[in-house]
A.B. asks: 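Take this structure first; my questions come after.
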Amino acid sequence: MKAVASLNSGSSSIKFALFAIEAEQRLHLVAAGKIEKIGIAPTLRARSSDGAILLERDWPNGASLHHQDLLADLFAWADAHPLEQREIVAIGHRIVHGGRTHAAPRIVDAALLDDLEALCPLAPLHQPHNLAAIRAIRDLRPTLTQVACFDTAFHHEMHPLAARLALPRALHDQGIRRYGFHGLSYEYIARRLTEIDPDLAKGRVIAAHLGNGASLCAMKAGCSIDTSMGFTALDGLMMGTRCGTLDPGVVLHLQTQMGMSAAEVEDLLYNRSGLLGVSGLSSDMRTLSISQAPEAEEAMTLYAWRAAREAGALVSALGGLDGIVFTAGIGENDASMRARICKRLEWLGVTIDEEANSKSGPRINGANSSVKVYVIPTDEEVMIARHSLDLVADQVQ
Ligand code: ADP
(Lines give C-alpha, C1' and ligand atoms only; values in the text may rest on other atoms or scores of the structure.)
Protein backbone atom coordinates (compact mmCIF):
# COMPACT_ATOMS: atom_id res chain seq x y z
CA MET A 1 0.00 0.00 0.00
CA LYS A 2 1.36 3.44 -0.89
CA ALA A 3 1.39 6.49 1.33
CA VAL A 4 2.31 10.14 1.34
CA ALA A 5 3.72 12.04 4.32
CA SER A 6 3.62 15.67 5.34
CA LEU A 7 5.99 17.54 7.57
CA ASN A 8 5.76 20.96 9.19
CA SER A 9 9.08 21.79 10.77
CA GLY A 10 9.26 24.82 13.06
CA SER A 11 11.86 26.20 15.44
CA SER A 12 10.94 24.04 18.41
CA SER A 13 8.52 21.52 16.95
CA ILE A 14 7.98 19.19 14.00
CA LYS A 15 4.44 18.11 13.12
CA PHE A 16 4.09 15.09 10.87
CA ALA A 17 1.32 13.02 9.32
CA LEU A 18 1.09 9.92 7.16
CA PHE A 19 -1.77 9.38 4.72
CA ALA A 20 -2.62 6.15 2.90
CA ILE A 21 -3.40 6.60 -0.79
CA GLU A 22 -6.69 4.89 -1.46
CA ALA A 23 -8.83 4.31 -4.55
CA GLU A 24 -9.08 7.35 -6.86
CA GLN A 25 -6.16 8.82 -4.94
CA ARG A 26 -8.22 9.67 -1.90
CA LEU A 27 -6.13 10.28 1.21
CA HIS A 28 -6.81 8.53 4.48
CA LEU A 29 -4.99 9.56 7.65
CA VAL A 30 -2.97 6.67 9.11
CA ALA A 31 -0.91 8.39 11.78
CA ALA A 32 0.02 11.86 12.94
CA GLY A 33 2.24 13.27 15.62
CA LYS A 34 4.50 15.95 16.89
CA ILE A 35 8.02 16.35 18.16
CA GLU A 36 8.02 19.21 20.65
CA LYS A 37 10.39 21.17 22.89
CA ILE A 38 13.32 20.79 20.50
CA GLY A 39 16.36 22.46 22.05
CA ILE A 40 15.03 22.01 25.61
CA ALA A 41 13.85 18.48 26.38
CA PRO A 42 12.35 16.95 23.23
CA THR A 43 9.28 14.75 23.31
CA LEU A 44 7.81 12.68 20.49
CA ARG A 45 4.22 11.46 20.27
CA ALA A 46 2.56 9.73 17.35
CA ARG A 47 -1.02 8.52 17.27
CA SER A 48 -3.03 6.46 14.83
CA SER A 49 -6.11 8.01 13.23
CA ASP A 50 -8.32 6.55 15.99
CA GLY A 51 -6.23 8.31 18.63
CA ALA A 52 -4.29 5.28 19.91
CA ILE A 53 -0.72 6.10 20.92
CA LEU A 54 1.74 4.54 18.47
CA LEU A 55 4.94 6.02 19.79
CA GLU A 56 5.99 8.02 22.82
CA ARG A 57 9.54 9.12 23.51
CA ASP A 58 11.08 11.68 25.83
CA TRP A 59 14.62 13.01 25.87
CA PRO A 60 14.84 14.84 29.24
CA ASN A 61 18.54 15.54 28.67
CA GLY A 62 18.24 16.09 24.92
CA ALA A 63 18.83 19.84 24.73
CA SER A 64 21.62 19.33 22.21
CA LEU A 65 19.53 17.17 19.85
CA HIS A 66 18.84 18.86 16.52
CA HIS A 67 15.94 18.46 14.12
CA GLN A 68 17.95 15.97 12.03
CA ASP A 69 18.71 13.74 15.06
CA LEU A 70 15.05 13.57 16.00
CA LEU A 71 13.90 12.96 12.42
CA ALA A 72 16.47 10.14 12.17
CA ASP A 73 14.90 8.62 15.25
CA LEU A 74 11.41 8.93 13.78
CA PHE A 75 12.48 7.30 10.51
CA ALA A 76 14.29 4.51 12.37
CA TRP A 77 11.10 3.83 14.30
CA ALA A 78 8.99 3.89 11.11
CA ASP A 79 11.38 1.34 9.55
CA ALA A 80 11.07 -0.92 12.57
CA HIS A 81 7.26 -0.58 12.57
CA PRO A 82 6.36 -0.54 8.89
CA LEU A 83 2.85 0.82 9.30
CA GLU A 84 1.04 -1.94 7.49
CA GLN A 85 3.86 -2.07 4.92
CA ARG A 86 3.23 1.35 3.48
CA GLU A 87 5.66 2.65 0.91
CA ILE A 88 6.06 6.42 1.13
CA VAL A 89 6.01 7.84 -2.42
CA ALA A 90 6.56 11.47 -1.44
CA ILE A 91 7.01 13.67 1.57
CA GLY A 92 5.67 17.21 1.44
CA HIS A 93 6.93 20.11 3.51
CA ARG A 94 5.32 23.31 4.63
CA ILE A 95 7.67 26.05 3.42
CA VAL A 96 6.79 29.43 4.80
CA HIS A 97 8.25 31.59 2.04
CA GLY A 98 8.16 30.94 -1.68
CA GLY A 99 9.19 34.46 -2.65
CA ARG A 100 8.01 36.09 -5.85
CA THR A 101 8.51 33.14 -8.14
CA HIS A 102 7.02 30.08 -6.49
CA ALA A 103 3.29 30.20 -6.97
CA ALA A 104 2.67 26.45 -6.71
CA PRO A 105 4.10 23.40 -4.95
CA ARG A 106 7.34 22.05 -6.45
CA ILE A 107 9.46 18.94 -6.28
CA VAL A 108 12.64 19.81 -4.39
CA ASP A 109 15.98 19.81 -6.19
CA ALA A 110 19.30 21.47 -5.42
CA ALA A 111 18.46 24.65 -7.34
CA LEU A 112 15.16 25.07 -5.52
CA LEU A 113 16.86 24.55 -2.15
CA ASP A 114 19.38 27.31 -3.00
CA ASP A 115 16.56 29.59 -4.05
CA LEU A 116 14.62 29.00 -0.83
CA GLU A 117 17.76 29.41 1.24
CA ALA A 118 18.09 32.95 -0.11
CA LEU A 119 14.63 33.73 1.34
CA CYS A 120 15.64 32.83 4.92
CA PRO A 121 16.15 36.47 5.98
CA LEU A 122 12.48 37.12 5.10
CA ALA A 123 11.24 34.42 7.49
CA PRO A 124 14.07 33.92 9.98
CA LEU A 125 11.92 32.10 12.54
CA HIS A 126 10.56 29.51 10.13
CA GLN A 127 12.33 29.11 6.79
CA PRO A 128 15.69 27.80 8.13
CA HIS A 129 13.87 25.07 10.06
CA ASN A 130 11.68 24.18 7.08
CA LEU A 131 14.79 23.74 4.94
CA ALA A 132 16.73 21.90 7.64
CA ALA A 133 14.06 19.19 7.57
CA ILE A 134 14.38 18.83 3.79
CA ARG A 135 18.15 18.44 4.08
CA ALA A 136 17.86 15.98 6.95
CA ILE A 137 15.47 13.79 4.95
CA ARG A 138 17.63 14.08 1.83
CA ASP A 139 20.47 12.59 3.91
CA LEU A 140 18.27 9.93 5.48
CA ARG A 141 16.38 8.95 2.30
CA PRO A 142 18.28 10.27 -0.75
CA THR A 143 15.83 8.79 -3.27
CA LEU A 144 12.58 9.90 -1.60
CA THR A 145 10.72 12.61 -3.55
CA GLN A 146 10.34 15.74 -1.46
CA VAL A 147 7.84 18.47 -2.25
CA ALA A 148 7.90 22.09 -1.13
CA CYS A 149 4.44 23.59 -0.46
CA PHE A 150 4.52 27.34 0.06
CA ASP A 151 2.50 29.30 2.61
CA THR A 152 2.78 32.34 0.35
CA ALA A 153 1.45 30.63 -2.80
CA PHE A 154 -2.28 31.05 -2.08
CA HIS A 155 -1.78 34.83 -2.00
CA HIS A 156 0.26 34.94 -5.18
CA GLU A 157 -2.61 36.32 -7.22
CA MET A 158 -3.87 38.75 -4.60
CA HIS A 159 -4.81 42.23 -5.73
CA PRO A 160 -1.71 44.10 -7.00
CA LEU A 161 -2.46 46.99 -4.65
CA ALA A 162 -2.59 44.60 -1.69
CA ALA A 163 0.89 43.38 -2.60
CA ARG A 164 2.42 46.86 -2.83
CA LEU A 165 4.01 48.77 0.05
CA ALA A 166 4.09 52.56 -0.26
CA LEU A 167 7.83 52.54 -0.83
CA PRO A 168 9.88 53.53 -3.89
CA ARG A 169 9.06 51.34 -6.90
CA ALA A 170 12.59 49.99 -7.18
CA LEU A 171 12.25 48.30 -3.78
CA HIS A 172 9.02 46.60 -4.85
CA ASP A 173 10.80 45.34 -7.94
CA GLN A 174 13.49 43.89 -5.66
CA GLY A 175 10.87 41.90 -3.76
CA ILE A 176 10.14 44.30 -0.88
CA ARG A 177 6.39 43.79 -1.09
CA ARG A 178 3.56 42.09 0.74
CA TYR A 179 3.37 38.30 0.34
CA GLY A 180 0.96 36.95 2.96
CA PHE A 181 1.24 33.64 4.82
CA HIS A 182 -0.86 30.77 6.25
CA GLY A 183 -1.78 30.05 2.63
CA LEU A 184 -2.03 26.28 3.04
CA SER A 185 -4.54 26.77 5.83
CA TYR A 186 -6.57 29.27 3.79
CA GLU A 187 -6.51 27.03 0.74
CA TYR A 188 -7.88 24.18 2.85
CA ILE A 189 -10.59 26.45 4.30
CA ALA A 190 -11.56 27.69 0.82
CA ARG A 191 -11.95 24.06 -0.36
CA ARG A 192 -13.91 22.97 2.73
CA LEU A 193 -16.22 25.94 2.38
CA THR A 194 -17.22 24.80 -1.11
CA GLU A 195 -18.42 21.55 0.53
CA ILE A 196 -20.01 23.10 3.64
CA ASP A 197 -21.63 26.20 2.13
CA PRO A 198 -21.14 26.45 -1.65
CA ASP A 199 -23.05 29.75 -1.88
CA LEU A 200 -20.86 31.42 0.72
CA ALA A 201 -17.73 29.98 -0.91
CA LYS A 202 -18.60 32.06 -4.00
CA GLY A 203 -18.89 35.23 -1.90
CA ARG A 204 -16.79 37.62 0.21
CA VAL A 205 -15.29 35.84 3.19
CA ILE A 206 -12.76 36.70 5.89
CA ALA A 207 -10.93 33.62 7.15
CA ALA A 208 -9.28 34.09 10.54
CA HIS A 209 -6.37 31.74 11.21
CA LEU A 210 -5.82 32.32 14.93
CA GLY A 211 -3.03 30.08 16.21
CA ASN A 212 0.31 30.99 17.77
CA GLY A 213 0.87 32.84 14.53
CA ALA A 214 -2.31 34.60 13.41
CA SER A 215 -3.60 36.29 10.31
CA LEU A 216 -6.76 37.13 8.37
CA CYS A 217 -7.38 36.48 4.69
CA ALA A 218 -9.92 38.29 2.53
CA MET A 219 -11.24 35.77 0.02
CA LYS A 220 -13.48 36.47 -2.95
CA ALA A 221 -14.86 33.34 -4.60
CA GLY A 222 -12.24 31.26 -2.80
CA CYS A 223 -9.25 33.36 -3.90
CA SER A 224 -7.12 35.56 -1.68
CA ILE A 225 -7.42 39.23 -2.58
CA ASP A 226 -5.74 40.65 0.54
CA THR A 227 -4.40 39.44 3.86
CA SER A 228 -3.16 40.89 7.13
CA MET A 229 0.38 39.48 7.02
CA GLY A 230 2.76 41.24 4.69
CA PHE A 231 6.45 41.17 3.83
CA THR A 232 7.08 38.92 6.81
CA ALA A 233 4.92 36.94 9.22
CA LEU A 234 5.26 39.78 11.75
CA ASP A 235 2.62 42.02 10.21
CA GLY A 236 -1.09 42.28 10.95
CA LEU A 237 -2.74 40.74 14.01
CA MET A 238 -1.34 40.63 17.50
CA MET A 239 -0.03 37.05 17.96
CA GLY A 240 1.30 34.78 20.70
CA THR A 241 4.74 36.38 20.79
CA ARG A 242 4.74 38.61 17.68
CA CYS A 243 3.69 42.25 17.70
CA GLY A 244 1.67 42.46 14.48
CA THR A 245 1.25 45.81 12.75
CA LEU A 246 3.71 48.30 14.19
CA ASP A 247 4.66 51.86 13.35
CA PRO A 248 8.06 51.43 11.66
CA GLY A 249 9.13 54.49 13.64
CA VAL A 250 9.21 52.26 16.73
CA VAL A 251 11.89 50.11 15.14
CA LEU A 252 13.95 53.20 14.29
CA HIS A 253 13.52 54.53 17.82
CA LEU A 254 14.56 51.23 19.44
CA GLN A 255 17.73 51.20 17.38
CA THR A 256 18.75 54.84 17.21
CA GLN A 257 17.54 56.10 20.62
CA MET A 258 17.58 52.99 22.78
CA GLY A 259 20.70 51.41 21.32
CA MET A 260 19.17 48.05 20.52
CA SER A 261 20.92 45.96 17.89
CA ALA A 262 19.02 44.60 14.90
CA ALA A 263 19.18 41.12 16.45
CA GLU A 264 17.71 42.43 19.73
CA VAL A 265 14.88 44.17 17.91
CA GLU A 266 14.20 41.01 15.92
CA ASP A 267 14.02 38.98 19.12
CA LEU A 268 11.74 41.58 20.74
CA LEU A 269 9.28 41.70 17.84
CA TYR A 270 9.18 37.96 17.09
CA ASN A 271 9.60 36.37 20.52
CA ARG A 272 8.75 38.80 23.32
CA SER A 273 5.77 40.80 22.07
CA GLY A 274 2.12 39.97 21.34
CA LEU A 275 0.08 38.24 24.05
CA LEU A 276 3.26 37.43 25.96
CA GLY A 277 4.58 40.97 25.89
CA VAL A 278 1.32 42.70 26.82
CA SER A 279 0.29 40.22 29.52
CA GLY A 280 3.80 39.72 30.87
CA LEU A 281 2.56 36.20 31.63
CA SER A 282 2.16 33.88 28.69
CA SER A 283 1.82 33.63 24.92
CA ASP A 284 -0.77 30.90 25.39
CA MET A 285 -4.42 31.91 25.17
CA ARG A 286 -5.51 29.05 27.43
CA THR A 287 -3.24 30.27 30.20
CA LEU A 288 -4.44 33.87 29.83
CA SER A 289 -8.10 32.91 29.76
CA ILE A 290 -7.91 31.34 33.23
CA SER A 291 -5.67 34.02 34.72
CA GLN A 292 -7.06 36.59 37.17
CA ALA A 293 -4.35 39.14 36.31
CA PRO A 294 -5.65 42.40 34.80
CA GLU A 295 -2.75 42.32 32.33
CA ALA A 296 -4.05 39.00 30.96
CA GLU A 297 -7.48 40.56 30.45
CA GLU A 298 -5.93 43.59 28.78
CA ALA A 299 -3.90 41.37 26.42
CA MET A 300 -7.04 39.45 25.39
CA THR A 301 -9.05 42.64 24.94
CA LEU A 302 -6.32 44.11 22.77
CA TYR A 303 -6.16 40.85 20.78
CA ALA A 304 -9.87 41.13 19.93
CA TRP A 305 -9.61 44.88 19.27
CA ARG A 306 -6.78 44.38 16.81
CA ALA A 307 -8.43 41.39 15.11
CA ALA A 308 -11.66 43.35 14.57
CA ARG A 309 -9.70 46.39 13.35
CA GLU A 310 -7.83 44.30 10.75
CA ALA A 311 -11.10 42.63 9.78
CA GLY A 312 -12.60 46.09 9.19
CA ALA A 313 -9.72 46.90 6.85
CA LEU A 314 -10.32 43.69 4.90
CA VAL A 315 -14.06 44.40 4.62
CA SER A 316 -13.04 47.55 2.81
CA ALA A 317 -10.76 45.53 0.49
CA LEU A 318 -13.65 43.10 -0.18
CA GLY A 319 -16.27 45.82 -0.61
CA GLY A 320 -18.57 44.13 1.92
CA LEU A 321 -18.77 40.88 3.84
CA ASP A 322 -20.82 37.69 3.48
CA GLY A 323 -19.04 35.40 5.92
CA ILE A 324 -16.36 34.87 8.55
CA VAL A 325 -14.55 31.57 9.18
CA PHE A 326 -12.60 30.99 12.38
CA THR A 327 -9.83 28.39 12.36
CA ALA A 328 -6.58 27.18 14.07
CA GLY A 329 -5.94 26.70 17.83
CA ILE A 330 -7.71 29.81 19.14
CA GLY A 331 -10.20 30.15 16.26
CA GLU A 332 -11.37 26.55 16.61
CA ASN A 333 -11.39 26.23 20.40
CA ASP A 334 -11.84 29.57 22.10
CA ALA A 335 -15.56 30.42 22.00
CA SER A 336 -15.05 33.42 24.23
CA MET A 337 -12.46 35.00 21.90
CA ARG A 338 -14.68 34.33 18.88
CA ALA A 339 -17.53 36.09 20.69
CA ARG A 340 -15.34 39.05 21.64
CA ILE A 341 -14.16 39.55 18.06
CA CYS A 342 -17.66 39.19 16.63
CA LYS A 343 -19.05 41.63 19.21
CA ARG A 344 -16.66 44.24 17.83
CA LEU A 345 -18.00 43.52 14.34
CA GLU A 346 -21.64 44.06 15.31
CA TRP A 347 -21.68 47.24 13.22
CA LEU A 348 -21.39 44.96 10.16
CA GLY A 349 -24.52 43.10 11.21
CA VAL A 350 -22.58 40.18 12.75
CA THR A 351 -24.35 38.37 15.59
CA ILE A 352 -23.48 35.11 17.30
CA ASP A 353 -25.67 32.24 18.52
CA GLU A 354 -24.17 31.67 21.96
CA GLU A 355 -25.12 28.03 22.19
CA ALA A 356 -23.83 27.18 18.72
CA ASN A 357 -20.67 29.12 19.49
CA SER A 358 -20.11 27.24 22.74
CA LYS A 359 -20.32 23.98 20.74
CA SER A 360 -17.99 25.32 18.04
CA GLY A 361 -20.68 25.26 15.40
CA PRO A 362 -19.76 24.66 12.69
CA ARG A 363 -22.24 27.49 11.98
CA ILE A 364 -22.32 29.97 14.85
CA ASN A 365 -24.01 33.15 13.61
CA GLY A 366 -27.29 34.29 15.13
CA ALA A 367 -30.54 33.94 13.17
CA ASN A 368 -30.62 37.70 12.56
CA SER A 369 -26.99 38.00 11.50
CA SER A 370 -26.40 39.51 8.08
CA VAL A 371 -23.03 37.74 7.95
CA LYS A 372 -22.61 33.96 8.17
CA VAL A 373 -20.06 32.83 10.75
CA TYR A 374 -18.44 29.40 10.78
CA VAL A 375 -15.86 27.48 12.78
CA ILE A 376 -13.95 25.14 10.46
CA PRO A 377 -10.94 23.17 11.71
CA THR A 378 -7.99 23.66 9.41
CA ASP A 379 -5.81 20.83 8.10
CA GLU A 380 -2.56 22.08 6.61
CA GLU A 381 -1.16 18.54 6.75
CA VAL A 382 -3.73 17.09 4.37
CA MET A 383 -3.28 20.06 2.03
CA ILE A 384 0.48 19.40 1.92
CA ALA A 385 -0.12 15.69 1.32
CA ARG A 386 -2.66 16.44 -1.42
CA HIS A 387 -0.27 18.76 -3.26
CA SER A 388 2.59 16.27 -2.89
CA LEU A 389 0.52 13.42 -4.25
CA ASP A 390 -0.61 15.55 -7.20
CA LEU A 391 3.06 16.02 -8.18
CA VAL A 392 3.85 12.28 -8.13
CA ALA A 393 0.43 11.05 -9.25
CA ASP A 394 1.85 9.23 -12.28
CA GLN A 395 3.88 6.97 -9.96
CA VAL A 396 0.80 5.93 -8.01
CA GLN A 397 -1.48 4.45 -10.65
P1 ADP B 1 0.44 26.85 15.93
O2 ADP B 1 0.41 28.17 15.25
O3 ADP B 1 1.67 26.62 16.76
O4 ADP B 1 0.04 25.66 15.07
P5 ADP B 1 -2.14 26.41 17.22
O6 ADP B 1 -2.96 26.54 15.99
O7 ADP B 1 -2.03 25.07 17.86
O8 ADP B 1 -0.68 27.02 17.04
O9 ADP B 1 -2.72 27.46 18.29
C10 ADP B 1 -2.14 27.64 19.54
C11 ADP B 1 -3.02 28.59 20.33
O12 ADP B 1 -4.34 28.03 20.44
C13 ADP B 1 -2.52 28.84 21.75
O14 ADP B 1 -2.66 30.21 22.10
C15 ADP B 1 -3.48 28.01 22.57
O16 ADP B 1 -3.66 28.53 23.88
C17 ADP B 1 -4.75 28.15 21.79
N18 ADP B 1 -5.70 27.09 22.13
C19 ADP B 1 -5.62 25.79 21.87
N20 ADP B 1 -6.67 25.13 22.43
C21 ADP B 1 -7.40 26.08 23.07
C22 ADP B 1 -8.60 26.05 23.84
N23 ADP B 1 -9.25 24.91 24.06
N24 ADP B 1 -9.06 27.22 24.34
C25 ADP B 1 -8.41 28.36 24.11
N26 ADP B 1 -7.27 28.46 23.40
C27 ADP B 1 -6.79 27.33 22.88
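Read the numbers this way: they start at 1 and go in the same order the structure lists the ligands and their atoms. Bear in mind the structure is a predicted one, so any value in this text is a computation, not a measurement. Along the sequence shown, residues are numbered consecutively beginning with 1.
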A.B. asks: Would you please determine whether G213 falls within less than 4.0 Å of ligand 1 on a heavy-atom basis?
C.D. replies: yes

A.B. asks: Purely on distance, is any nitrogen or oxygen of R286 under 3.5 Å from one on ligand 1?
C.D. replies: yes

A.B. asks: A quick test of your reading: do over 12 heavy atoms of other residues, nucleotides or ligands sit less than 6.0 Å from CD of E354?
C.D. replies: no

A.B. asks: What is the nearest protein non-hydrogen atom to atom 16 (O) of ligand 1, stated with its residue, atom name and distance?
C.D. replies: D284 OD1, 2.4 Å

A.B. asks: Do F16 and L44 come within less than 4.5 Å of each other through their side chains, counting heavy atoms only?
C.D. replies: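 Answer yes - side chains close enough.
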
A.B. asks: Please confirm whether K15 approaches ligand 1 to less than 4.0 Å, judged on its heavy atoms.
C.D. replies: yes

A.B. asks: Would you indicate whether the side-chain heavy atoms of I14 and L74 approach each other to under 4.5 Å?
C.D. replies: no

A.B. asks: N/O to N/O below 3.5 Å, does that happen between G329 and ligand 1?
C.D. replies: yes

A.B. asks: Give the atom numbers and elements of ligand 1 that come within less than 4.0 Å of a heavy atom of D334.
C.D. replies: 25 (C)

A.B. asks: Give the residue and atom name of whichever protein heavy atom lies nearest to atom 17 (C) of ligand 1, and the separation in Å to one decimal.
C.D. replies: I330 CG1, 3.6 Å

A.B. asks: Would you say R164 has more than 12 foreign heavy atoms packed within less than 6.0 Å of its CZ?
C.D. replies: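 Yes.
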
A.B. asks: Starting from atom 13 (C) of ligand 1, find the nearest protein heavy-atom neighbour and note its residue, name and distance.
C.D. replies: N212 OD1, 3.9 Å

A.B. asks: Quick one: look up the protein heavy atom nearest atom 23 (N) of ligand 1 and list residue, atom name and how far away it is.
C.D. replies: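 Answer for atom 23 (N) of ligand 1: N333 CB, 3.3 Å.
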
A.B. asks: Mind checking whether L318 and Y186 sit in one hydrophobic cluster, side chains of I, L, V, M, F, W, Y counted as touching below 4.5 Å?
C.D. replies: no

A.B. asks: Can you name the one residue among L246, L268, T241, V278 that meets side chain to side chain contact (heavy atoms under 4.5 Å, CB included) with S273?
C.D. replies: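 The residue from L246, L268, T241, V278 that satisfies side chain to side chain contact (heavy atoms under 4.5 Å, CB included) with S273 turns out to be L268.
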
A.B. asks: Return the residue, atom name and 0.1 Å-rounded distance of the protein heavy atom closest to atom 14 (O) of ligand 1.
C.D. replies: M285 N, 3.0 Å

A.B. asks: Do the non-hydrogen side-chain atoms of I21 and L27 ever get within less than 4.5 Å of each other?
C.D. replies: yes

A.B. asks: Is there a polar contact between ligand 1 and L210, counting only N or O atoms under 3.5 Å apart?
C.D. replies: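 For ligand 1, there is no N or O atom that lies under 3.5 Å from one belonging to L210.
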
A.B. asks: When you check the gap from the basic side-chain N to the acidic O, do D226 and R178 get nearer than 4.0 Å?
C.D. replies: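 Looking at D226 and R178, the cut-off is met.
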
